[in-house]
Q: 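Take this structure, written in structure tokens, and hold onto it; I'll ask about it next.
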Amino acid sequence: MPLYRNPDFQRMPGGLACAFDEASESSHSFFALPAWYDLMARYGVPGTAEIRVYTDERPGSAAALLAQTTTGDDGRNLASLDKCP
């Protein structure tokens, strides 16, 4: 399972771009577009957040986008930007 850390949603690598293409075609929603995730990555999470994208990259598979932040203590928080269907 490929992992992309802090991807540039305006210039995505091939496998990640394909996952977004499939998601936006199937949902017809603005919220499945790379532009939405670019906006969220720039302004919707703290500057210390690490954006991780896990993909299956097989036909018909899904992608999950996660934002991981540190809290100042030894714990971690995990938040979802959204999930591509």
Q: Locate the shortest heavy-atom distance separating Y4 from P7; write the atom from each residue and the value.
A: O-CD, 4.0 Å

Q: Pairs under 3.5 angstrom only: tabulate donor-acceptor contacts from the side chains of residues 40-47 to other protein residues two or more places apart or in another chain.
A:
from	atom 1	to	atom 2	distance (Å)
R42	NE	D38	OD1	3.0
R42	NE	D38	OD2	3.1
R42	NH2	Q10	OE1	3.4

Q: Check whether any side-chain heavy atom of Y37 sits under 4.5 Å from a side-chain heavy atom of I51, and report yes or no.
A: no

Q: What heavy-atom pair brings A17 and M12 nearest, and what distance separates the two atoms?
A: CA-CE, 3.9 Å

Q: For the atom pair CG (L16) and CZ (F9), what is the distance rounded to the nearest 0.5 Å?
A: 6.5 Å

Q: With sequence neighbours excluded, what pairs up with D8 under the side-chain hydrogen bond (donor to acceptor under 3.5 Å, both in side chains) test?
A: R11

